[in-house]
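A quick write-up on the structure given underneath.
Each chain gets a letter, A, B and so on, in the order the sequences are listed, and its residues count up from 1.
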Amino acid sequence: MDIQKALTNTLASAFHDLFDQKVDPDSLLLQATRKEFEGTYTFVMFPFLKLTKSSPEASGEKIGNYLLKHLSEVSAFNVVKGFLNISLSPAYWIRLFEELYLKKEIGSFPQKESRVMVEYSSPNTNKPLHLGHLRNNFLGFSIARILKAYGYEVIKANLVNDRGIHICKSMVAYSKLGNGETPETAGIKGDHLVGKYYVLFDKEYKRQVRELMDAGMQEEGAKKAAPWMEEAQQMLVDWEAGDPETVGLWKKLNGWVYQGFEATYRQMGVDFDQYYYESDTYLLGKDIVSEGLEKGVFFKKENGSVWADLSEEGLDEKLILRADGTSVYMTQDMGTADLKYRDHQIDKSVYVVGNEQDYHFEVLFKIMRKLGRPYANGLYHLSYGMVDLPSGKMKSREGTVVDADDLMAEMINTAREHTQELGKIEGFSLEEAEALYEILGLGALKYFLLKVDPKKRMLFNPQESIEFQGNTGPFIQYTHARIAAILRKAAQIELDYSAARCRNYLSLETVEQSLIFQLNDYSNKIAAAAEELSPALIAQYLFDLAKEYNRFYAELPIFSETQAEEQAFRVALSAQVAKTIKSGMGLLGIDVPQKM
RNA sequence: GGUCCUGUAGCUCAACUGGAUAGAGCAACUGCCUUCUAAGCAGUAGGUUUCAGGUUCGAGUCCUGACAGGAUCACCA
């Protein structure tokens, strides 16, 4: 039953019967009626006054009456200025509710014959994850779930940047100052340990640069001539040559980092189906260079470097291969794009990468299109904005990064304090209580990072950002826990709230109507979130739903002063809201508790 | 300097893609726990949507131009 379609079809025939005008039903748009007016859907008359040749009010009246006569679901209408507000009958609402209530699965779409890869996280292995990575990981994981719900087969991929000069920096510092330290002996996570040496490298390197400059060297020269930098560069060369000692050290440090990352990912609640490592893929793409030269997509300069000329597309020339024949970032990414396609025959590929790489991906996608890749039109860059601190941008060198592990631990701790303050853990075992703190702390954090439009950059204030009231994860989780309590009580008194029992309840309150409307809207939101790659739409939806439910909860009694069918319906409605919240929060990667 | 993104209440964010009197949350203030969880609900206050033009029945949304913030424009990744 698609009421919007029925309405637009009837509107079109109204134009035909009343005004002798042919109108395409698909061109007629309905919008949700604003809260302060009576009705569910609103049809705006203004664009059609030329067809009706009468005033907005008169046209609205005529069409409203026509709807009333020809569509049984329409129970009333009113016209305010040029807006025709349409009300639907209680019978319609109850029927719609029953339809939703009886569905086994909520918010699921028919399986598409289409496979999509979502690449996210993609960390460097020289330092631990920070707040920016949290936004990336939560976004990627959530988008993967949303696309899956929308019917795609989804592959979550992590392209680990495990080689390069940055790793070598940590390696140099460790070989100088490490003294055989390990995560075990140091008592810290492997990624943090390696990060420590990365910072130590930077410190010493800066000192060396300053020393050289004091001795009269220019800054640029000093930066290259600093002994540790020269060693790091040499290490990179050795690594590429496969020098056993260098590779051994590299493996050791990376192994520690992976152990650390794994713990962080587990705490974040994200996972991957496929890992790619740049140490395996960094040489890929070179054969595409020759292919591109043959096809005339690329051209060679006198010194032997290879370029793509994108000036016709409004961009400029872009380097594809260095004069010495070594590859650049773009070369690798072309190769990896092919690799992903070869491995999984994907139709779409989503790259969850920060917006500082907008230009890079614009170029990459254009090149793949020019090369005639079959998957080129399915490439998307989910470009998200940076997370700023009140002090401005996070800078690892200035020690202003917010560490991911620390932040999550802090969140869980705050949840613990807050819950204990409210005295809400009576009857909880210790394990149950700890599990709850984790659900709430991470829920607050994830919701906070996901509720904002991904492409906008956002502000994170450690002191104030994470609340447990208002538009927050815990608010929605709380709503779920409240409903769970109702369902426990219903079970306890053995209340029958089957669909058949709700059917006779026809004196719906407006809150109840609007809840049914919102429940029905869930699948539309999933579709929109999937198409726009925006979990924020789900977050916003869940907040609105929870808010509306809490209004219902405060205004209407359930177990007392109610008729049998009224009671059954309200419990069933609550159950459906809880189900939707659980499902929607699941799309955000957030758990919901039964009690809190 | 070129290109791209952003600018909405004191703060953090919405606004169904051009529709009605621009909405939430936080912070402030006022009510509501002897009924299903007060991490809640109801209310008050808070706006020249950065500015100036333009397009039309109608603009926060579209176009032009300023202004402000950010990103990017490497034989870096």
(message) Taking A:Asn126's backbone N and O only, do any of them form a donor-acceptor pair with A:Asn124's side chain (distance below 3.5 Å, no angle check)?
(response) no

If you look at every strand shown and take non-hydrogen atoms under 4.0 Å, does [X] touch a base, only sugar-phosphate, or nothing?
X	result
A:Val328	sugar-phosphate
A:Leu556	base
A:Phe543	sugar-phosphate
A:Ile486	sugar-phosphate
A:Asp316	sugar-phosphate
A:Pro56	nothing
A:Asp388	nothing
A:Gln594	base
A:Thr42	base
A:Leu315	nothing
A:His418	base
A:Glu555	nothing
A:Asn85	base
A:Met458	sugar-phosphate

Kindly indicate whether the side chain of [X] and the base of [N] share any N or O donor-acceptor pair separated by less than 3.5 Å?
X	N	answer
A:Lys595	B:U37	no
A:Thr479	B:A39	no
A:Asp544	B:A14	no

[atom1] gap between [N] and [M], integer Å:
N	M	atom1	value
B:G60	B:C26	C1'	23 Å
B:A20	B:U37	P	40 Å
B:A52	B:A39	C1'	47 Å
B:G46	B:A28	C1'	10 Å
B:A42	B:G47	C1'	23 Å
B:U48	B:G7	C1'	16 Å
B:C51	B:A22	P	16 Å
B:C41	B:A24	P	12 Å

(message) On a heavy-atom basis, which atom in A:Phe201 and which in A:Lys169 lie closest, and how many Å separate them?
(response) CD1-O, 3.3 Å

Quick check for you: among [options], whose closest atom lies nearest to any side-chain atom of [X]?
X	options	result
A:Ala485	B:A14, B:U72, B:U37	B:U37
A:Ala32	B:C41, B:A39, B:C16	B:C16
A:Tyr478	B:A14, B:G40, B:G19	B:G40
A:Pro47	B:G40, B:U72, B:G19	B:G19
A:Leu440	B:C36, B:A77, B:A39	B:A39
A:Thr33	B:U35, B:G40, B:A20	B:A20

(request) Quick one: classify the glycosidic conformation of B:C73 as syn or anti, with syn meaning within 90° of 0. (result) anti

(message) Need the glycosidic conformation of B:U17: syn if within 90° of 0, anti if not. Which one?
(response) syn

May I ask which nucleotide in the shown strands pairs with [N], Watson-Crick or G-U wobble, both distances under 3.5 Å?
N	result
B:U17	none
B:U49	none
B:C62	B:G54
B:U44	B:A28
B:G7	B:C67
B:G1	B:C73
B:U35	none

Does the side chain of [X] reach to within under 4.5 Å of the side chain of [Y], using non-hydrogen atoms?
X	Y	answer
A:Ser142	A:Leu139	no
A:Phe43	A:Leu29	no
A:Thr8	A:Asp26	no

(message) On RNA chain B, does the nearest nucleotide to A:Tyr359 precede the nearest nucleotide to A:Thr472 from the 5' side, or the other way round? Give the residue.
(response) A:Thr472

(message) Heavy-atom nearest nucleotide on RNA chain B for A:Phe83 versus A:Arg482: which residue maps closer to 5'?
(response) A:Phe83

Length of the [atom1]-[atom2] vector between [X] and [N], whole Å:
X	N	atom1	atom2	result
A:Tyr447	B:G25	OH	C1'	9 Å
A:Lys169	B:A77	NZ	P	12 Å
A:Phe460	B:U12	CZ	P	14 Å
A:Ile165	B:A77	CD1	P	10 Å

Side chains of [X] and [Y]: do they bring a donor and an acceptor to under 3.5 Å?
X	Y	result
A:Ser514	A:Glu548	yes
A:His381	A:Asn355	no
A:Asn413	A:Tyr437	no

(message) Is there aromatic stacking of A:Phe37 on B:A20 here, judged by a ring-centre distance under 5.5 Å and a plane angle under 30°?
(response) yes

(request) Compare the aromatic ring of A:Phe475 with the six-membered base ring of B:G40 and state whether they stack according to the 5.5 Å and 30° rule. (result) no

Taking only side-chain N and O atoms of [X], does any of them lie within less than 4.0 angstrom of OP1 or OP2 on [N]?
X	N	answer
A:Lys456	B:G7	yes
A:Arg551	B:G43	no
A:Arg457	B:G7	no
A:Arg34	B:A22	no

(request) Mark yes or no: A:Lys53 above the aromatic ring of A:Phe19, with NZ or CZ under 6.0 Å from the six-membered ring centre and no more than 45 degrees from the axis. (result) no

(request) Before accepting this row, confirm whether a basic side-chain N of the pair A:Asp324/A:Arg322 lies closer than 4.0 Å to the acidic partner's carboxylate O. (result) no

